[in-house]
Amino acid sequence: MSIFHSMNTTASALTSQRLRMDVISSNMANVDTTRGRLVNGEWEPYRRKSVTLKPLEGQFSSFLNVAVGHSSKGQVGNGVKVSRINEDRETPFKLVFDPSHPDADENGYVEMPNVDPLREMVDLISATRSYEANVTVFNANKAMLTKALEIGK
């Protein structure tokens with residue numbers, strides 16, 4: 001394990017949470033987008049997207065050390081990465097009565113995106129708090145490394 005392992009781990013979390021905030025921002029920006037993409041010749045509203053995170057795989061050397069018996073401890077965390085960005089296909093589109101809208105059907109209803117602004121705000125607060133917590137960890141780690149370098153003076 002290198003001296004910068006914890007910084008790399010925290011940096012991966014910062015990157016992942018930043019992408020999560022970007023996806024949430026995209027959802028909020030498209031809350032009224034009725035023409036998200038063309039499906040079977042018809043426009044479909046924007047679909048809510050969400051981020052799925054997974055742990056980073058360990059380095060080969062750490063697996064080898066455990067297998068050979070040089071390390072009896074379990075794997076140390078290696079960070080996190082985005083495994084995929086999902087489209088929400090389970091939540092139905094909202095129907096809004098607006099006969100004057102260009103995308104209204106014959107009954108006057110418009111399919112609106114399945115984005116719930118309240119849910120997005122809760123997710124955004126969660127991502128922001130995770131980001132802030134990782135910044136705190138990064139700064140604490142940086143302070144400890146600085147103190148360790150000062151010992152050698």
Side-chain angles (χ1 to χ4, degrees), residues 1-66 73-146:
M1 181 185 306
S2 78
I3 190 169
F4 297 108
H5 181 78
S6 61
M7 287 183 141
N8 292 335
T9 300
T10 305
S12 72
L14 289 169
T15 302
S16 297
Q17 293 302 329
R18 180 66 209 171
L19 178 64
R20 194 170 152 217
M21 286 188 272
D22 290 344
V23 169
I24 293 167
S25 296
S26 174
N27 289 341
M28 290 296 286
N30 286 290
V31 74
D32 292 321
T33 304
T34 58
R35 295 184 183 189
R37 69 176 166 175
L38 204 55
V39 177
N40 299 327
E42 292 187 28
W43 286 103
E44 180 180 80
Y46 176 85
R47 287 191 182 273
R48 178 183 186 271
K49 293 176 178 54
S50 63
V51 176
T52 302
L53 304 176
K54 75 175 196 175
L56 280 173
E57 301 299 324
Q59 299 292 327
F60 177 75
S61 60
S62 62
F63 289 118
L64 184 62
N65 286 334
V66 170
K73 297 179 181 179
Q75 294 295 320
V76 176
N78 290 309
V80 66
K81 73 175 183 176
V82 174
S83 65
R84 66 178 183 243
I85 298 176
N86 309 314
E87 279 192 346
D88 183 359
R89 299 208 167 266
E90 294 179 16
T91 307
F93 294 124
K94 299 174 202 165
L95 290 177
V96 175
F97 184 73
D98 186 2
S100 64
H101 195 283
D103 293 326
D105 63 10
E106 61 278 351
N107 297 322
Y109 286 96
V110 180
E111 281 188 324
M112 298 300 284
N114 58 354
V115 176
D116 179 10
L118 182 60
R119 180 177 183 182
E120 298 305 319
M121 290 306 295
V122 169
D123 287 349
L124 183 60
I125 291 169
S126 170
T128 303
R129 294 292 181 253
S130 294
Y131 190 90
E132 289 170 352
N134 281 293
V135 166
T136 302
V137 169
F138 192 86
N139 288 335
N141 189 16
K142 185 173 71 172
M144 285 189 288
L145 288 175
T146 303

*asked:* Side chains of L53 and V82, heavy atoms from C-beta outward: is any pair under 4.5 Å?
replied: yes
*asked:* Out of the candidates V31, I125, I24, only one should pair with E120 under the side-chain contact (heavy atoms from CB on, under 4.5 Å) rule; please name it.
replied: I24
*Taking it one step at a time, do T91 and R48 satisfy side chain to side chain contact (heavy atoms under 4.5 Å, CB included)?*
CA-CA 9 Å; T91 307; R48 178 183 186 271; over 6 Å; no
*Near R89 CZ, under 6.0 Å, is it more than 12 heavy atoms from other residues, nucleotides or ligands?*
yes
*When rounded to the nearest 0.5 angstrom, what distance separates CG in N114 from NZ in K94?*
8.0 Å
*asked:* side chain to side chain contact (heavy atoms under 4.5 Å, CB included), that's the test. Do E44 and F93 meet it? Break it down for me.
replied: CA-CA 9 Å; E44 180 180 80; F93 294 124; 3.6 Å; yes
*asked:* Nearest 0.5 angstrom please: K142 NZ to L145 CG, how far?
replied: 10.5 Å
*Please walk me through it: do T15 and R18 pass side chain to side chain contact (heavy atoms under 4.5 Å, CB included)?*
CA-CA 5 Å; T15 302; R18 180 66 209 171; 5.7 Å; no
*Of all the heavy-atom pairs spanning N30 and P113, show the shortest one and how long it is.*
O-CG, 3.4 Å
_Nearest non-hydrogen partners of N107 and F97, listed with the distance_ = O-CE1, 3.4 Å
*Does T136 use its side chain to pair, donor to acceptor, with the backbone of E132 at less than 3.5 Å?*
yes
_Within the structure provided, determine whether I85 and V23 are in side-chain contact (heavy-atom separation under 4.5 Å)._
yes
*CG of N86 to CZ of R47: how many Å apart, nearest 0.5 Å?*
12.5 Å
_Any non-hydrogen side-chain atom of D103 less than 4.5 Å from a side-chain atom of E111?_
no
*How long is the span from the CE atom in M7 to the OG1 atom in T9, to the nearest 0.5 Å?*
11.0 Å
*asked:* Taking the side chain as everything from C-beta on, heavy atoms only, tell me whether L14 gets closer than 4.5 Å to Y131.
replied: yes
*Could you state the interatomic distance from CD (Q17) to OG1 (T128), rounded to the nearest 0.5 Å?*
9.0 Å
_If you apply the rule side chain to side chain contact (heavy atoms under 4.5 Å, CB included), what do you find for N27 with Y46, and how did you get there?_
CA-CA 8 Å; N27 289 341; Y46 176 85; 2.7 Å; yes
_Can you tell me if K81 has over 12 outside heavy atoms packed within less than 6.0 Å of its NZ?_
no
*Heavy-atom distance under 4.5 Å between the side chains of M28 and L124, does that happen here?*
no
*Looking only at heavy atoms, what is the nearest atom pair of G79 and S12, with distance?*
CA-OG, 3.2 Å
*Approximate separation, where rounding is to 0.5 Å, of R129 CZ and N134 CG*: 13.5 Å
_P102 and R35, any side-chain heavy atoms less than 4.5 Å apart_ = yes
*What closest approach, in Å, do A127 and R20 show between heavy atoms, and which atom pair accounts for it?*
CA-NH1, 3.6 Å
